[in-house]
Asks: 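There's a structure below that I have some questions on.
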Amino acid sequence: MSYSPLQTERYKYEPKLPEVLRGDIHKIGINPKGSTKSESDQKELSELFPRTYGAPFIETLAGQKGTESDSINIGVVLSGGQAPGGHNVISGLFDALKKANSKSNLIGFLRGPSGILENKTIELNSDIIDQFRNTGGFDIIGSGRTKLESTQQFDICEDVCKLHDISALIIVGGDDSNTNGAVLAEYFKQKNSGISVIGVPKTIDGDLKNEYIEVSFGFDTATKTYSELIGNIEKDANSAKKYWHFIKLMGRSASHIGLECALQTQPNIALISEEIEASHKSLTEIVLDMVNIIVKRSELGSDYGIVLIPEGLIEFIPEMKQLISELNTLLAEHEEHFGTLHTFEDQSRWINRELSRDSSYVFSTLPNNIQRQLLMDRDPHGNVQVSRIETEKLLIQMVSSRLDEMKSEGKFKGNFNPQHHFFGYEGRCAFPSNFDADYCYSLGYNAYVLASSDLTGYISSIHNLSEPVEKWTAGGVPVTMMMNMEQRHGKMKPVIKKAMVDLQGKPFTQFASKRDIWAIKSSYVFPGAIQYFGPAEVCDSTSITLGLEGKK
Ligand code: FBP
């Protein structure tokens, strides 16, 4: 095995823990604080989760326990898309477990939740763990998107956990995986199985956050990685002065990634899906706004610029939202028939017949490549896979044709040479920033404390993240208190509420107060590569979003 010099150095990095988790592990315990309730749908949720709803908020404290810890077996699974820091969650969990009792074991389920159902496991020892400390990726045990939701699956989970004598299952995942984890926790409790379920908040998208979870892990590193690349492109644009770069950024529905990258790099245009939805802007209006900026810059002699586009934009444009929703329903309800249509021509003919008049019109105005992408396979939740829709190309095509028209009318005299990019997978497995390395290690370490305290249906949480690590605090939040009831596949389901960009929040208002200047005058900022060694203000800084949201 050969390692890069950085990997070799990163192995030596010792993640920082908050003060409360630093002392004797045997004495770290929990302080339950009152009872909790969800913000809405309290009646429905308390009926669906009779054994776990209302559980107290937990504060992790030093000096709470004795000196003995029983040996236990804990299972861990990584669920969904990769996010930098997953390996540190596992190493923090492992270190705490072994410190508490060297006979305890950590069992990793391979390739995501399907590893539990298929009983594919690996016992994680220090030789394995040491190869993955402070590195990106989920390759230590792999990840997957299998959903755990049926009673039959829950029974298999119970059997497999019992086979390995596992008393706690740690699910590292996003809002859906943690929702399913909470349902599993309730089920285990109802069956008196003695297995607890603890979640860890993961996703680069940043949409798993609320009053109790300040940020999901991976967001910091992913946005710093994308911002480095955007800054490099800004330098290139500023040097060559000949291209407009349209950059789509991963992040699913929410625009947190796009907003953070905009704050870090100050591009000419950054679209925020939530704002577009709130102002009911049509695709044509979005294009015209962009064209105005391009023409204005051109008149000032700048035929170049940077546009940031959130991955999920297309779902927030009213007419596209309607079209996508009709397509999702049609494809779900007529899956079998659709499968018999083998050519794109047959598929689009059938689709056009079934769609409403308005949606059929919108569909027919879209370029062929976008039509095809809209008909591709859905994800396991039945949603269109936005990362596969080339919105950046769609916008380029529409902007180009409007500028051509304006040119022929004598209203545009410049040049428009577009380039398109999609930054997504590039950021999901980067070496975790010091912030993510410390945060994830603390989340994993704290997950052990919660699990060994026989808590279930909780998510490991670390607070005060905009402060230095010493001042961070730790605890557990009952998953049910973050839930509400939402319509999924035509049925009302309990789910963790997804956090979208708050248009009244500080990150967005700061961006909105500056963007008109950034649009016309090149005000680019070049964040450079993530630094792992050096002055704290360069290496240990958090994201701008977290900094602004953390400010009282
Ligand atoms: P999670 O929600 O599972 O954390 O995944 C995040 C994400 O990176 C999204 O930003 C993106 O839309 C999606 O995964 C891509 O999925 P896949 O890895 O299956 O291509």
Side-chain angles (χ1 to χ4, degrees), residues 77-87 89 111-114 136-139 141-149 171-181 199-209 213 215-227 229 247-261 273-274 308-316 324 328 373-374 376-392 421-430 432 436 439-440 443 459 482 488 495-501 543 545:
V77 62
L78 299 173
S79 182
Q82 285 67 248
H87 289 156
V89 171
R111 304 196 62 183
S114 64
F138 277 7
D139 41 334
I141 50 175
S143 185
R145 291 200 182 275
T146 302
K147 287 168 61 171
L148 297 179
E149 52 180 359
I171 298 183
V172 182
D175 53 338
D176 282 321
S177 308
N178 275 294
T179 294
N180 294 340
V200 177
K202 169 237 70 163
T203 179
I204 60 161
D205 301 347
D207 56 6
L208 175 47
K209 69 172 170 183
I213 298 174
V215 68
S216 53
F217 81 74
F219 177 78
D220 187 81
T221 310
T223 51
K224 282 176 178 156
T225 306
Y226 302 141
S227 297
L229 300 176
I247 306 169
K248 184 174 78 166
L249 293 163
M250 224 179 212
R252 263 188 221 284
S253 304
S255 307
H256 299 293
I257 290 185
L259 179 56
E260 171 66 21
C261 292
S273 306
E274 291 82 343
L308 302 187
I309 304 154
E311 179 180 77
L313 173 73
I314 200 138
E315 291 180 312
F316 289 78
I324 290 173
N328 285 349
Q373 288 154 14
L374 284 170
M376 282 187 309
D377 293 345
R378 272 32 194 171
D379 73 4
H381 305 275
N383 301 317
V384 66
Q385 300 190 52
V386 281
S387 63
R388 293 165 71 178
I389 297 184
E390 295 171 319
T391 329
E392 68 284 20
H421 314 261
F422 170 37
F423 297 154
Y425 300 96
E426 295 81 346
R428 296 202 313 187
C429 287
D436 269 329
Y439 180 40
C440 291
L443 283 169
I459 201 159
M482 297 181 262
R488 296 279 165 99
V495 290
I496 296 179
K497 201 169 172 208
K498 236 187 220 313
M500 306 306 285
V501 166
S543 64
T545 304

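For ligands, and for the atoms within them, numbers begin at 1 and follow the listed sequence.
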Asks: Specify the protein heavy atom at minimum distance from atom 12 (O) of ligand 1: its residue, its atom name, and the distance to 0.1 Å.
Replies: Glu311 OE1, 2.7 Å
Asks: Starting from atom 19 (O) of ligand 1, what is the nearest protein heavy atom, named by residue and atom, and what distance separates them?
Replies: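 Closest protein heavy atom to atom 19 (O) of ligand 1: Arg145 NE, 3.0 Å.
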Asks: How far is atom 2 (O) of ligand 1 from its nearest protein heavy atom, and which residue and atom name does that atom have?
Replies: Arg252 NE, 3.2 Å
Asks: Work out which heavy atom in Gly258 is nearest to a heavy atom in Leu249; give both atom names and the distance.
Replies: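 In terms of heavy atoms, the two residues are closest at CA-CD1, 3.8 Å.
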Asks: Do Asp436 side-chain atoms and Thr221 backbone N/O form a donor-acceptor pair below 3.5 Å?
Replies: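 Checking the backbone N and O of Thr221 against the side chain of Asp436, a donor-acceptor pair under 3.5 Å is found.
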Asks: Search all heavy atoms of Pro84 against all heavy atoms of Cys440 and return the closest pair with its distance.
Replies: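 Heavy atoms of Pro84 and Cys440 come nearest at O-SG, 4.2 Å.
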Asks: Going by the order shown, which atoms of ligand 1 are within less than 4.0 Å of some heavy atom of Gly251?
Replies: 10 (O)
Asks: Can you find an N or O of Gly81 that's nearer than 3.5 Å to an N or O of ligand 1?
Replies: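 Between Gly81 and ligand 1 (N or O atoms, distance only) the closest approach is under 3.5 Å.
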Asks: Hey, does the side chain of Ser216 reach the backbone of Pro201 with a donor-acceptor pair shorter than 3.5 angstrom?
Replies: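 Checking the backbone N and O of Pro201 against the side chain of Ser216, no donor-acceptor pair under 3.5 Å is found.
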Asks: Looking only at heavy atoms, what is the nearest atom pair of Glu274 and Val501, with distance?
Replies: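 Shortest heavy-atom contact: OE2-N, 2.9 Å.
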Asks: State the atoms of ligand 1, each with its element, that fall below the 4.0 Å cut-off from a heavy-atom position in Lys202.
Replies: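 Close to Lys202: 1 (P), 3 (O), 4 (O).
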Asks: Can you give me the closest heavy-atom contact between Asn178 and Ile171, atom names plus distance?
Replies: OD1-O, 4.0 Å
Asks: For atom 7 (C) of ligand 1, what is the closest protein heavy atom, and at what distance to 0.1 Å?
Replies: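 Answer for atom 7 (C) of ligand 1: Arg428 NH1, 3.5 Å.
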Asks: Can you tell me which residue and heavy atom of the protein come closest to atom 4 (O) of ligand 1, and the distance to 0.1 Å?
Replies: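 It is Thr203 OG1, 2.9 Å.
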Asks: Looking only at distance, does Gly80 have an N or O less than 3.5 Å from an N or O of ligand 1?
Replies: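 No; the residue has no nitrogen or oxygen that sits under 3.5 Å from a nitrogen or oxygen of the ligand.
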Asks: What protein heavy atom lies closest to atom 20 (O) of ligand 1? Include the residue and the distance to one decimal.
Replies: Tyr425 OH, 2.5 Å
Asks: Between Tyr439 (side chain) and Val215 (backbone), is there a donor-acceptor pair under 3.5 Å?
Replies: yes
Asks: Starting from atom 6 (C) of ligand 1, which protein heavy atom do you reach first, and at what distance in Å?
Replies: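 Its nearest protein heavy-atom neighbour is Asp205 OD2, 3.5 Å.
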Asks: Looking at residues at least two apart in the chain, or sitting in another chain, which of them share a side-chain hydrogen bond (donor to acceptor under 3.5 Å, both in side chains) with Ser273?
Replies: Ser255
